[in-house]
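In what follows, a single structure is set out as C-alpha cells and then discussed.
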Amino acid sequence: MDREHATSRVNLSSSQPAALRVGVLGFGGLGQAAARVLAPKQEMHWVAAADRKGYAYDAQGLDPDSCIAVYRSQGSLGYLEPGGVLSNNSIQELIGRAPVDGYFLALPNLPNTFMASVARQFIQAGWQGVLVDAIKRTSAVEQLLAMADELQAAGITYMTGCGATPGLLTAAAALAAQSYAEIHSVKITFGVGIANWEAYRATVREDIAHLPGYTVEQARAMTDAEVEALLDQTNGLIMLENMEHADDVMLERLGICSRDRVTVGGIVDTRNPKKPLSTNVQVTGRTFEGKISTHTFTLGDETSMAANVCGPAFGYLKTGIGLHQRGLYGLFTAAEVMPQFVR
Ligand code: NAD
C-alpha cells in the first residue's frame, strides 16, 4: 500500500471519516478477542487476519463468528470460505495482497526475536502504515527501539508495548509521574484469570519463561503435556516476580526514572477466569514541596486481560494512524503518546 493511499483514508477530524482498514496477525487468544473488540467499531473495519498456517482477507470485512468457528474447528483461517488461503508464509503473503492501514500484531514473541523479525518483513516488503504490538520483554522492545531509524525510513509508524503491561499501566505510570519532582518507584502488580491455558498458549509459555530456572527457549520448546504437568504442580497458578518487563525501559527512555526503580510481578490463574488479585500500578515519588506520596491506579476486577490488552492496542493504533497521516514515522512506545478512543 502506498503512503498516499493510507493517508487518504484517514481524516480523524471530519465528522464521517472513512473507516480504517485493520488487520490482526495471530489468531489465538488475543487475536480472536481483537476481532470481537473491533466488531462494533465504526472507525475501524476488520479486513485481514493471519495465523501460522494461513490467512483471510475480505475488503468488505471479516465476520468474527465465522472466523473463530473455522479457526477452532480446523486450526486455521486458511480454511475460511470465501477469503481464506492456506499458507506457510501467511504474514508475507497477506502483506503483499491486502490493502490495510494498520495491523495489531497479536503474535507470540517466541523466539524473543520474532516480533522484530516480523517488523523487518514489513520493511522489506516496502509496506507503509501502522503496526502495533503488545510485546512484554525489555530485550524485545529494545530490539525494536534499535530499528527506529529503519522504520522511519520505511514510512512505518510502529507502536510498541501497547497491551496492558507494558501498555495501559505504563501509560498510567507516565501520567501519574507528573505530580512528582522525583519518582522513587513504579510497582506494577497484575492478576490474570483465564479459564484454560490453551486459550492463551503463547501468553502462558512466555510467562513460564519468567519463572526461575526457565529461559524463553526452554519455555518455547515445552510440549503441551509438559506445560500441563507444570501447571498441575501449582494448581494452575503461575507466580511471577521481578519480571523482565519493558515497562522499565519505556519509562527510563522518557527520563521518568531509571529502570531499576520499576518492578513488575503478578499471579496468573490458568484455571479460573476470576482474577487472583486486582491489577494495579503504584507510583511513589516526592513532590516539589518534599512530600512523599503514592498514586495507585487499579483496573476493575471484571475487566479481562483481553479487554485490557486489545482496547489499548486499538487506541494506540488510532493514535499511530494519526501520526502516520502527519508524516511521523519510526518507533513510539505506549508511554510517550496517549491512546485515542476508537468509536
Ligand atoms: P496464542 O498462542 O493464543 O496465539 C498465537 C497466534 O499466533 C496463533 O493464531 C498462531 O497460529 C499465530 N502464529 C504463530 N506463529 C505465527 C507465524 N509465524 N505467522 C503467523 N501467525 C503465527 O497467543 P496469545 O496468548 O494470544 O498471545 C499473543 C501475544 O500477546 C504473546 O506474545 C503474549 O505475551 C502477548 N500478550 C501481551 C500482554 C500485554 O499486556 N502486553 C498480555 C497478554 C498477552
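Quick caveat: nothing in here was measured; it's all calculated off a predicted structure. Order of appearance sets the numbers: ligands from 1, and atoms from 1 within every ligand.
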Compute both the distance and the angle, then confirm whether Lys318 meets the cation-pi test with Phe104: under 6.0 Å from the six-membered ring centre, within 45 degrees of the axis.
no
Which word best sums up how the rings of Trp46 and Phe27 line up, parallel for under 30°, tilted for 30 to 60°, or perpendicular for over 60°?
parallel
List, for ligand 1, each N/O atom that has a protein N/O partner under 3.5 Å away, with both atom names and the distance.
| residue | atom | partner | partner atom | Å |
| --- | --- | --- | --- | --- |
| ligand 1 | 2 (O) | Ala202 | N | 2.9 |
| ligand 1 | 3 (O) | Gly29 | N | 2.9 |
| ligand 1 | 9 (O) | Phe27 | N | 2.8 |
| ligand 1 | 9 (O) | Gly28 | N | 3.1 |
| ligand 1 | 9 (O) | Tyr71 | OH | 2.7 |
| ligand 1 | 11 (O) | Arg52 | N | 3.0 |
| ligand 1 | 21 (N) | Asp51 | O | 3.4 |
| ligand 1 | 21 (N) | Arg52 | N | 3.1 |
| ligand 1 | 25 (O) | Thr203 | N | 3.2 |
| ligand 1 | 25 (O) | Thr203 | OG1 | 2.6 |
| ligand 1 | 26 (O) | Gly29 | N | 3.4 |
| ligand 1 | 26 (O) | Leu30 | N | 2.8 |
| ligand 1 | 27 (O) | Thr203 | OG1 | 3.2 |
| ligand 1 | 32 (O) | Leu107 | O | 3.2 |
| ligand 1 | 32 (O) | Asn109 | N | 3.4 |
| ligand 1 | 32 (O) | Glu206 | OE1 | 3.2 |
| ligand 1 | 32 (O) | Glu206 | OE2 | 2.7 |
| ligand 1 | 34 (O) | Glu206 | OE1 | 2.9 |
| ligand 1 | 40 (O) | Ala164 | N | 2.9 |
| ligand 1 | 40 (O) | Thr165 | N | 3.1 |
| ligand 1 | 40 (O) | Thr165 | O | 3.3 |
| ligand 1 | 41 (N) | Ala134 | O | 2.9 |
| ligand 1 | 41 (N) | Thr165 | O | 3.4 |

Can any side-chain N or O of Glu244 pair as donor or acceptor with the backbone N or O of Ser139 at less than 3.5 Å?
yes
Can you confirm whether or not the ring centre of Tyr158 sits under 6.0 Å from the ring centre of Tyr329?
no
Can you label the angle between the Phe122 ring and the Trp127 ring as parallel, tilted or perpendicular, going by 30° and 60°?
perpendicular
Verify whether one side chain among Asn89 and Ser87 offers a donor that lies under 3.5 Å from an acceptor in the other.
no
